[in-house]
Amino acid sequence: MLDSVTHSTFLPNTSFCDPLMSWTDLFSNEEYYPAFEHQTACDSYWTSVHPEYWTKRHVWEWLQFCCDQYKLDANCISFCHFNVSGLQLCSMTQEEFVEAAGICGEYLYFILQNIRSQGYSFFTDTEETKAAIKDYADSNCLKTSGIKSQDCHSQSRTSLQSSHLWEFVRDLLLSPEENCGILEWEDREQGIFRVVKSEALAKMWGQRKKNDRMTYEKLSRALRYYYKTGILERVDRRLVYKFGKNAHGWQEDKL
DNA sequence: AGTAACTTTCCTGATT
DNA sequence: CAATCAGGAAAGTTAC
């Protein structure tokens, strides 16, 4: 059951998710406050969503967190460069980060890559990563005073890290805000869904796996292997799949 | 270090 | 014709 509630309960909006106080202060200036889409009904905080699925608002929340926690100088950050979705943010190179935020950009890039590869648990989970953060910050004359265990969450173990394709697909289906019409339910009760944007799906999966050579052809081959194990069942229609008896966490009444 | 499960890559051929 | 589906084969990756 635990793994079926992944993104929605990944992190409660508590502790370090101290809201928009300093953010508002920082960006009360119009020119640094580009309009981004209004938060939808699905009002998630950035920590509850994988970076690739962040909305522009999530990206801003993340920047705010970084500024607050790592004492980054917000004046160094060109916020119009970060008026992007999570998908776009994840495709930015280190150079682009530096261009957008100088030395802070380097640090932001480092933090983002760690979140992407290790989940939010990288903040606390191992001494190694803590040391890595400290080393990195030290070598760049940045403060790490904000990185404290109490800033994080004991329950931050989730499937963010889980890289199984079917779970990725399931979680995307369960996140209407993030999936951008890439996947859609055809029969919610029976677990039948359709791949609407096959290339986008492959791209997103490729980003998750850090593999820019991923294609829908290859992704679909992996999906077909699931027929054997009962994770998926065959539906004789193009781009249509159905969760099988061994898939879990997708059913509405069991979430 | 070995293994098994899972994923990626490539391929041939069929279907839509 | 292009996109997709079906799987076999083999190599690569990851978790334990």
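No hydrogens, no waters, no symmetry mates; every other heavy atom, side chains included, goes into these values.
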Are the charged groups of A:K245 and A:E233 less than 4.0 angstrom apart, N to O?
no
With a 4.0 Å cut-off on N to O distance, would you call A:E52 and A:R116 a salt bridge?
yes
Considering only heavy side-chain atoms of A:Y225, the closest of B:dC6, C:dA10, C:dA6 is C:dA10
Considering only B:dT9, C:dC5, B:dT7, which nucleotide approaches the side chain of A:A222 most closely?
B:dT7
If you only use heavy atoms from C-beta on, which nucleotide in C:dT4, B:dC6, C:dG7 is closest to the side chain of A:Y216?
C:dT4
Per atom distances to the A:Y227 side chain, the nearest of B:dC10, C:dA6, B:dT7 is C:dA6
Indicate whether the side chain of A:S91 and that of A:Q88 have a donor and an acceptor atom separated by less than 3.5 Å.
no
Listed nucleotide nearest any side-chain atom of A:S198, set B:dT9, C:dT4, B:dT8:
C:dT4
Using whole Å, what does the distance between atom P of nucleotide C:dA11 and atom CZ of A:R213 come to?
17 Å
Any idea which of B:dC6, B:dT8, C:dG7 is nearest the A:Y226 side chain?
B:dC6
In whole Å, what is the span from the CG atom of A:L239 to the P atom of B:dT15?
18 Å
Walking DNA chain C from its 5' end, the first of A:E199 and A:R224 to be reached, judged by nearest nucleotide, is A:E199
Whole-Å distance, A:H164 NE2 to B:dA4 P, equals 17 Å
For B:dT8, does either OP1 or OP2 sit under 4.0 Å from a side-chain N or O belonging to A:K218?
no
Using whole Å, what does the distance between atom C1' of nucleotide B:dT9 and atom CD of A:E217 come to?
11 Å
Would you please classify the geometry between the A:F193 ring and the A:W185 ring as parallel, tilted or perpendicular, with 30° and 60° separating the classes?
perpendicular
Distance check needed: C:dT4 P versus A:K197 NZ, whole Å only.
14 Å
Under 4.0 Å between a side-chain N or O of A:N211 and OP1 or OP2 of C:dG12?
no
Counting distance only, does the side-chain N/O of A:Q113 pair as donor-acceptor with the main-chain N or O of A:F110 below 3.5 Å?
no
Given C:dA3, B:dC6, B:dC11, the nucleotide with the shortest approach to the side chain of A:R238
C:dA3
Mind calculating the distance between CG (A:D236) and P (C:dC5) to the nearest angstrom?
11 Å
Side-chain N or O of A:K209 versus OP1/OP2 of B:dT7: is the shortest distance under 4.0 Å?
no
Does the C:dG8 base have a donor-acceptor partner in the side chain of A:R221 within less than 3.5 Å?
yes
So, is A:W205 close to the B:dT8 phosphate, meaning a side-chain N or O under 4.0 Å from OP1 or OP2?
yes
Rounded to whole Å, please give me the gap between CG in A:L165 and C1' in C:dT14.
15 Å
Rounded to whole angstroms, how far apart are CG on A:L219 and C1' on C:dA6?
15 Å
